[in-house]
Structures are given as C-alpha cells and as structure tokens.
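In each ligand, atom 1 is the first atom listed, and ligand 1 is the first ligand listed. We count residues from 1, following the sequence as given.
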Amino acid sequence: MNILLLGSGGRENALAWKMQQSHHCSQLFIAPGNAGTAAYGTNVTLATLDFEAIKQFCIDNKIQLVVVGPEEPLVKGIYDFLKNANELKNIIIVAPSASASQLEGSKSFAKEFMQKNNIPTAAYAEFTIENYEQGKTYLQQHSLPIVLKADGLAAGKGVVICNTLSEALISFEEMIVNKQFGNASAKVVVEEFLQGIEVSVFALTNGKDYQIIGHAKDYKRIGEGDTGLNTGGMGCVSPVPFMDEIFMQKVEEKIVKPTIQGFQNDHLIYDGFVFFGLMNCNGEPYVIEYNCRLGDPETEVILPRLETDLVSLFAAMDNGTLEDANIEYNEGYFATVMAVSGGYPGEYKKDVPISDLSKIEMEKTSFIFHAGTKLDAENNLVTNGGRVMAITSQGNSIKEAVDKSKQILSQIHFDGMYFRKDIGYEFE
Ligand code: AMP
Ligand code: GLY
C-alpha cells in the first residue's frame with residue numbers, strides 16, 4: 001500500500017516508524033513530516049489543512065491509506081472532503097468524519113454525547129452571552145475548584161482550573177465577553193472538578209467494532225514533581241501499574257462500549273482512533289475529554305509497546321474484521337522522556353543546532369522520535385519547536401525504561417535543552 005501520513009510531530013515520527021515496518025507498506029509519504037520522519041519515508045511539502053492539494057497528491061501517487069495525525073484537519077472535515085472525491089472512494093482514511101470529530105472539536109458536543117449515553121463524566125452546565133448572568137450565579141453556587149472550558153479548539157489552552165470564585169468570574173468574563181479564544185470561547189462549559197489520577201486509553205474503531213491498542217499515563221507539567229505550567233506532555237509510561245485488569249474492564253464496559261454504541265445511535269461515521277482522556281477517581285474511570293486522534297507523546301510510548309502490525313489493523317478497520325484482530329504487546333515497560341527547548345512552554349528559540357545523533361550508543365530497545373526538528377539550509381539538524389525529541393525505551397521496570405531514556409538524553413545536546421528527570425517517579 002502507498003501511505004500518506006499527515007502531521008509533523010513526535011506522534012507522526014512514531015507512526016511513520018511503526019507503519020514502515022509493515023509488510024503492507026510500499027511507499028510512505030509524510031506531510032510535512034520532520035527531520036526524523038525522513039528516515040522512514042519521503043517528506044512532502046503539503047500543509048495539513050490544504051485539502052485540495054492533499055487530494056491531488058493522493059490521486060497522483062496512488063495513495064491507498066491516509067492516516068491523519070493532528071486534530072485540526074479532522075475537525076475541519078478532511079475525512080468527508082477526501083471521501084467525497086470520486087477518485088478516492090476506495091481509499092482507507094484513518095480519521096473520523098467532521099461530525100464525529102466534534103467529540104474533540106466541541107466540549108459541549110462531547111458532554112451532551114456522554115450524558116446521552118450514560119458515560120461517566122463530571123457534572124456540567126454551559127453558557128454563552130445569552131445566559132451570561134445566569135452563568136455568574138451558577139459559578140457563585142458552585143463548589144471549588146471550578147473547571148472552565150472553552151467549547152472549541154484552543155490549542156490546548158482552553159481549560160482553566162479556578163481555585164477561587166473571583167478567578168472563575170474573571171476567566172468566565174474573559175472567555176465569553178472578551179472572546180479570549182475567539183469563537184472557541186463564545187460558549188463555555190463549566191464543570192465539576194474531578195479529583196484523581198489522569199490516564200489515557202486508546203482505541204481503534206470503525207464505528208462498530210473496536211480494539212484497545214494501548215494505554216498510558218502522561219506527565220503534563222513542565223516541572224519535576226508535577227509542578228509549574230502545563231505543556232503538551234513531558235513524558236509517558238506504559239503499561240501503568242494501577243491500570244490493571246479490573247480497572248481496564250471498567251473502562252471498557254462503562255466507557256469504551258457505550259461510546260462506540262453512541263456512534264451507532266447517532267449515526268456518527270468514525271474510522272480512526274479514539275483517545276479517552278480519563279480520570280481515575282478511586283478506581284472508577286471518568287471521561288475528562290475525548291480526542292479523535294492519538295496523543296503526543298502517548299503515541300511514542302504505546303506504539304513501541306504494540307507488537308501488532310498497525311497497517312494490518314487499519315485494513316481490518318476498513319474491511320470489518322477489526323473484532324477478530326489480535327492485539328499483542330511487547331513485554332516489559334515503556335517510558336518516553338521528552339527533551340524540550342529552553343523556555344518552553346513559554347517563549348523559546350528555534351533553529352538551535354542539535355548535537356550529532358549518529359554518535360549515540362543505544363540498544364535496540366530504545367528509540368529516538370523527533371518532534372520539533374528540521375534540517376536547515378546546510379542540512380544540519382536544528383530545533384523547530386518547543387518539544388524537540390521524545391526518547392522511548394523498554395525495560396523490565398518503569399525505572400529501568402526511564403533510566404535508559406535518560407542515558408540516551410545524556411548523549412544529546414542543544415543549547416537550552418531541558419527534560420524532566422522524574423518521569424514515572426511514583427512507580428519506583
Ligand atoms: P483538556 O484541554 O480537556 O485536556 O484539559 C486540560 C487538563 O485540565 C486535563 O488534562 C486535566 O488535567 C484538567 N481537567 C480537565 N477537566 C477536568 C476536571 N473536570 N477535573 C479535573 N481536572 C480537569
Ligand atoms: N498529550 C495530550 C494530547 O496529545 O492531547
């Protein structure tokens with residue numbers, strides 16, 4: 001199969017690495033990719049939102065499988081656009097339809113979906129300028145902390161956890177009246193705060209059948225001991241010791257199955273990944289959010305753990321045999337540690353030279369996935385984003401896996417480079 005993968009982060013580097021191992025993979029193209037994806041296929045200069053150019057590329061290059069990494073093209077309707085093209089009727093597109101992608105694109109849509117399908121989630125109410133005054137009264141009566149969420153996509157910044165009423169009232173005004181996130185915050189979901197440990201579960205589905213393909217715990221804060229600002233993710237571990245059979249069975253029965261049934265009930269066309277962002281509250285799973293794609297850096301930990309051929313799974317998703325697929329995992333524990341640019345998640349420099357990676361000594365059970373990297377005009381590897389590189393390793397314990405990744409990181413250098421040294425700390 002000729003495959004086109006859309007995206008340019010660590011997630012896409014891990015997807016390219018995994019798909020390229022499949023005997024089903026003939027040619028792999030990554031658009032736009034990064035310096036790491038180039039090792040597994042051909043990077044092509046196509047913007048992920050330029051649907052017309054993507055369609056033409058698929059036709060010209062006889063693409064049979066399109067895998068969409070990031071959320072924006074999903075929410076903007078890439079699935080529907082490509083499926084509507086006569087020439088592309090038979091290609092496999094790993095992406096939910098635009099209407100199904102609202103599960104990620106609209107918090108209000110996701111909450112209503114969960115309520116309708118009895119999926120455990122935090123209690124909520126939603127407000128716009130129309131019922132703004134009512135919203136203020138609602139906040140005044142709410143217990144603390146209060147969670148405010150901009151309805152639409154806000155580049156991961158649309159959620160504010162307010163510890164005081166005055167903070168909540170200010171954020172509420174900022175979002176609705178001052179349009180802090182533009183249209184995305186014209187509607188705000190006000191939600192109960194869930195106390196627990198955040199984890200994620202990943203499934204592949206065709207809207208009828210599904211397979212769980214992994215789970216992970218990620219570390220979102222920039223500082224050690226889970227302190228400081230939120231980031232896109234500083235590291236991950238998988239499997240997670242407390243996500244045992246009993247917990248995963250609850251996830252499957254109370255969350256995954258009702259979600260897939262909900263797709264059926266609402267006629268939502270869904271070919272792709274579901275990322276269940278969960279809170280484990282004393283052993284009970286609640287959904288915090290749905291994403292319609294794989295996570296980053298979760299992908300960098302779940303794909304090395306997944307033994308099963310991913311391209312075969314996409315074919316099974318397409319031909320209705322997903323239910324019969326065998327999901328196998330590699331042994332041991334996997335840990336990803338993310339190296340980021342100095343200053344991230346605030347301002348940071350780009351184009352910072354990265355030391356020669358070819359000199360690194362590493363075992364076959366470790367992987368370097370590029371995130372924000374590129375080759376400059378002189379073909380030197382330089383930084384090109386906040387999150388620069390994800391180092392994943394396999395070990396007999398989480399600690400061993402993390403230590404292996406840190407050992408590799410000790411051989412990598414760029415000015416300002418930072419990584420958390422305590423990923424997986426609670427499992428030591
Ligand atoms: P999101 O943008 O939906 O991923 O939310 C950002 C982060 O806010 C999540 O990863 C959680 O850490 C936190 N969060 C969201 N909703 C809740 C909630 N109801 N209770 C506690 N924490 C939450
Ligand atoms: N790591 C969280 C995300 O991909 O949204």
Side-chain angles (χ1 to χ4, degrees), residues 7-15 68-72 74-75 101 103-111 114 119-126 142-163 168 171 175 181 184-185 188-202 214-222 226-238 273-282 284-303 336 338 340 345 369 371 386-387 390 423:
S8 61
R11 166 182 51 212
E12 286 74 25
N13 193 166
L15 277 163
V68 184
E71 61 275 17
E72 227 187 322
L74 301 175
V75 174
S101 299
L103 277 185
E104 174 161 4
S106 162
K107 306 272 184 205
S108 152
F109 180 91
K111 294 301 281 191
M114 288 186 262
I119 294 165
T121 188
Y124 82 107
E126 56 186 52
H142 203 287
S143 59
L144 292 170
I146 308 175
V147 184
L148 299 190
K149 298 184 170 182
D151 177 48
L153 290 185
K157 298 195 167 65
V159 176
V160 191
I161 296 176
C162 308
N163 289 309
S171 269
M175 286 197 197
F181 302 105
S185 63
V188 168
V189 166
V190 178
E191 191 171 282
E192 166 200 18
F193 180 80
L194 294 174
Q195 190 76 47
I197 305 175
E198 220 176 317
V199 291
S200 36
V201 170
F202 298 88
H215 71 250
K217 177 177 188 301
D218 82 337
Y219 295 79
K220 283 207 167 72
R221 303 294 196 92
I222 188 73
D226 296 324
T227 53
L229 293 175
N230 245 335
T231 71
M234 296 296 293
C236 269
V237 299
S238 180
F273 296 109
V274 190
F275 169 156
F276 298 89
L278 306 176
M279 194 68 95
N280 174 354
C281 304
N282 291 318
E284 287 301 319
Y286 288 79
V287 177
I288 292 190
E289 60 166 349
Y290 286 107
N291 294 313
C292 296
R293 52 173 174 86
L294 290 180
D296 196 348
E298 290 86 344
T299 310
E300 292 95 299
V301 85
I302 65 165
L303 291 187
T336 297
M338 187 65 83
V340 303
F369 297 122
R387 294 188 295 170
I423 299 301

TODO: Give the intermediate values and the outcome of side-chain contact (heavy atoms from CB on, under 4.5 Å) for residues I302 and L294.
DONE: CA-CA 10 Å; I302 65 165; L294 290 180; 4.2 Å; yes
Task: Listed partners of E298 passing side chain to side chain donor-acceptor pair (under 3.5 Å), at least two apart - done: none
Task: N-O pairing of E104 and R293 below 4.0 Å - done: yes
List ligand 2's nitrogen or oxygen atoms that come under 3.5 Å of a protein nitrogen or oxygen, with the partner atom and distance.
{"residue": "ligand 2", "atom": "1 (N)", "partner": "G232", "partner atom": "O", "Å": "3.2"}
{"residue": "ligand 2", "atom": "1 (N)", "partner": "D296", "partner atom": "O", "Å": "2.9"}
{"residue": "ligand 2", "atom": "1 (N)", "partner": "E298", "partner atom": "OE1", "Å": "2.9"}
{"residue": "ligand 2", "atom": "1 (N)", "partner": "E298", "partner atom": "OE2", "Å": "3.2"}
{"residue": "ligand 2", "atom": "4 (O)", "partner": "R293", "partner atom": "NH1", "Å": "3.1"}
{"residue": "ligand 2", "atom": "4 (O)", "partner": "D296", "partner atom": "N", "Å": "2.9"}
{"residue": "ligand 2", "atom": "5 (O)", "partner": "R293", "partner atom": "NH1", "Å": "3.4"}
{"residue": "ligand 2", "atom": "5 (O)", "partner": "R293", "partner atom": "NH2", "Å": "2.9"}

Between ligand 1 and the protein, which N/O pairs are shorter than 3.5 Å?
{"residue": "ligand 1", "atom": "3 (O)", "partner": "K107", "partner atom": "NZ", "Å": "3.0"}
{"residue": "ligand 1", "atom": "3 (O)", "partner": "E289", "partner atom": "OE1", "Å": "3.1"}
{"residue": "ligand 1", "atom": "4 (O)", "partner": "E289", "partner atom": "OE1", "Å": "3.1"}
{"residue": "ligand 1", "atom": "4 (O)", "partner": "E289", "partner atom": "OE2", "Å": "2.8"}
{"residue": "ligand 1", "atom": "10 (O)", "partner": "E198", "partner atom": "OE1", "Å": "3.4"}
{"residue": "ligand 1", "atom": "10 (O)", "partner": "E198", "partner atom": "OE2", "Å": "2.5"}
{"residue": "ligand 1", "atom": "10 (O)", "partner": "K220", "partner atom": "NZ", "Å": "3.4"}
{"residue": "ligand 1", "atom": "12 (O)", "partner": "E198", "partner atom": "OE1", "Å": "2.5"}
{"residue": "ligand 1", "atom": "12 (O)", "partner": "E198", "partner atom": "OE2", "Å": "3.4"}
{"residue": "ligand 1", "atom": "16 (N)", "partner": "K149", "partner atom": "NZ", "Å": "3.0"}
{"residue": "ligand 1", "atom": "19 (N)", "partner": "E191", "partner atom": "OE2", "Å": "2.7"}
{"residue": "ligand 1", "atom": "19 (N)", "partner": "E192", "partner atom": "O", "Å": "3.0"}
{"residue": "ligand 1", "atom": "20 (N)", "partner": "L194", "partner atom": "N", "Å": "2.8"}

TODO: Tell me whether the guanidinium CZ or amine NZ of K111 lies under 6.0 angstrom from the six-membered ring centre of F109 and within 45° of its axis.
DONE: no
TODO: Please confirm whether the backbone N or O of R11 pairs with a side-chain atom of D296, one donor and one acceptor, at under 3.5 Å?
DONE: yes
Open item on the list: Given 3.5 Å as the limit, does a donor-acceptor pair link the side chain of R387 with the main chain of G232, or not?
Closed with: yes
Expected list for residues 143-150: side-chain donor-acceptor pairs under 3.5 angstrom, two or more places apart:
{"residue": "K149", "atom": "NZ", "partner": "E191", "partner atom": "OE2", "Å": "3.1"}
{"residue": "K149", "atom": "NZ", "partner": "I288", "partner atom": "O", "Å": "3.2"}

Task: Within-4.5 Å side-chain heavy-atom neighbours: V237 and V301 - done: no
Open item on the list: I'd like to know whether the aromatic ring centres of Y290 and F275 sit less than 6.0 Å apart in this structure.
Closed with: no
